Amino acid sequence: MPHHVLILGGTTEARELAAALAARPDVRVTTSLAGRVSRPGALAGDVRVGGFGGADGLAAWLLAERVDALVDATHPFAEAITANAARAAAATGVPSVVLRRPGWQPGPEDRWHQVASLSAAADALHRFGPRVFLTTGRLGLAAFAHLSDHHFVVRSVEPPEPPMPPHTEVLLGRGPFSVDDETTLLREYLVDVMVTKDSGGAATAAKLTAARGLGVPVVVVRRPSLPDGTQVVSDVAGALWWLWRGGDRI
């Protein structure tokens, strides 16, 4: 019977790992998506959509589906899912690892203002001009909904739902975007400040390069901490090493 690997998340790394595992005849790979995007991209192997019902539900699924290893490749800010995965793995004894791309690091020409949360980012905006390019994802708009003195430009794959700031302009689009694209956007919308999460990776880093070139300040929300005792790898190669050569896995 093939070894069963469960991957949590629809990140770039999750997709690359699923493709690598699906190519092996000795592996059954299942990727679990939260279902927040109505038209996710194609994935190799089996795909399930929707929540498990918390840590207990995930633990029951791991046992029922005879999962041999769990790879949490969710977004760095999917804090609740990562916590549930850690608890479910501990409860069932299923080996688990977090696949998490490294965070961004500011350079000498960057004008970064790092904060601990979306609410802290909202509190910091009074220090800048009124025109905000908000790139924190459509589910984070509620933290800024009370700010009526700012004009927000929000880019999202799908239309956001309220609550959101009263003066919000939504741009629908799916990346990756080039540095020229991002530079044009910042200029066209007269952006005074950008707000983003430290998602890391090259796919969405062009906006930071554009902000650096134009001298636009960036409020960067730091990543939440991982659960105690979590094993972490930084790329797909590290996850594959962990699965087969990093110890007694599968």
Side-chain angles (χ1 to χ4, degrees), residues 8-11 33-38 40 51 54 72 74-85 98 100-106 110-177 182 185-186 189-201 203-208 210-212 214 216-227:
L8 301 179
T11 58
L33 305 176
R36 291 172 178 166
V37 176
S38 60
D72 175 1
T74 54
H75 190 275
F77 286 82
E79 188 174 6
I81 299 173
T82 292
N84 286 338
V98 174
R100 189 72 28 101
R101 69 182 77 117
W104 292 316
Q105 297 297 322
D110 286 307
R111 298 175 60 194
W112 284 19
H113 304 265
Q114 298 192 53
V115 296
S117 65
L118 288 175
S119 60
D123 291 341
L125 289 183
H126 72 278
R127 300 157 55 186
F128 308 100
R131 299 187 64 83
V132 183
F133 181 32
L134 188 57
T135 68
T136 57
R138 63 189 177 93
L139 300 179
L141 299 186
F144 304 87
H146 63 289
L147 298 177
S148 58
D149 294 333
H150 292 74
H151 179 89
F152 289 88
V153 177
V154 174
R155 186 168 61 204
S156 178
V157 175
E158 297 186 353
E161 298 179 355
M164 66 179 71
H167 307 296
T168 297
E169 188 169 356
V170 177
L171 307 178
L172 296 181
R174 185 189 296 271
F177 302 96
E182 302 293 49
L185 186 152
L186 294 176
Y189 289 91
L190 304 175
V191 170
D192 295 307
V193 59
M194 179 192 304
V195 181
T196 190
K197 295 176 178 178
D198 179 15
S199 59
T204 57
K207 60 190 174 187
L208 299 175
R212 182 187 311 127
L214 296 177
V216 173
V218 183
V219 177
V220 180
V221 182
R222 291 189 294 268
R223 297 177 175 190
S225 299
L226 291 169

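Just so we're clear, the structure is a prediction, and the values are computed from it rather than from any experiment.
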| task | Take Phe144 and His150 through the test ring pair (Phe, Tyr, Trp, His ring centres under 6.0 Å) and record every step on the way to the result. | result | CA-CA 10 Å; Phe144 304 87; His150 292 74; 9.3 Å; no
Do [X] and [Y] make a side-chain contact, defined as non-hydrogen atoms from C-beta onward lying under 4.5 Å apart?
X: Leu208; Y: Trp112; result: yes
X: Pro130; Y: Asp192; result: yes
X: Pro160; Y: Val170; result: yes
X: Thr135; Y: Lys207; result: yes
X: Arg100; Y: Leu226; result: yes
X: Val216; Y: Phe133; result: no
X: Thr204; Y: Thr196; result: no

Minimum heavy-atom distance between [X] and [Y], given as atom pair plus value:
X: Glu169; Y: His151; result: OE1-NE2, 3.3 Å
X: Val193; Y: Gly129; result: CG1-O, 4.2 Å
X: Gly54; Y: Asn84; result: CA-ND2, 3.8 Å
X: Leu147; Y: Pro166; result: O-CD, 3.7 Å
X: Ser199; Y: His75; result: CB-NE2, 3.5 Å
X: Ala121; Y: Val195; result: CB-CG1, 4.0 Å

Treating [X] as the side-chain partner and [Y] as the backbone partner, does any N or O pair qualify as donor plus acceptor under 3.5 Å?
X: Trp104; Y: Gly201; value: yes
X: Arg223; Y: Asp198; value: yes
X: Arg131; Y: Tyr189; value: yes

As an exercise, state the distance from [atom1] of [X] to [atom2] of [Y], rounded to the nearest 0.5 Å.
X: Leu33; Y: Thr11; atom1: CG; atom2: OG1; value: 10.0 Å
X: Lys197; Y: Leu118; atom1: NZ; atom2: CG; value: 5.0 Å
X: Glu158; Y: Arg174; atom1: CD; atom2: CZ; value: 7.5 Å

| query | Is it true that Asp110 and Arg212 make a salt bridge, defined as a side-chain N closer than 4.0 Å to a carboxylate O? | reply |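 A salt bridge links Asp110 with Arg212.
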| query | Under 6.0 Å from the six-membered ring centre of Phe177 and within 45° of its axis: does the NZ or CZ of Arg155 meet both? | reply |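 Relative to the ring axis of Phe177, which defines the angle, Arg155 lies inside both limits.
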| request: Show the numbers, then the answer: is there a side-chain contact (heavy atoms from CB on, under 4.5 Å) between Leu125 and Phe152? | output: CA-CA 11 Å; Leu125 289 183; Phe152 289 88; 3.9 Å; yes
| Can you check side-chain contact (heavy atoms from CB on, under 4.5 Å) on Leu214 and Val191, steps first, answer last? | CA-CA 10 Å; Leu214 296 177; Val191 170; over 6 Å; no
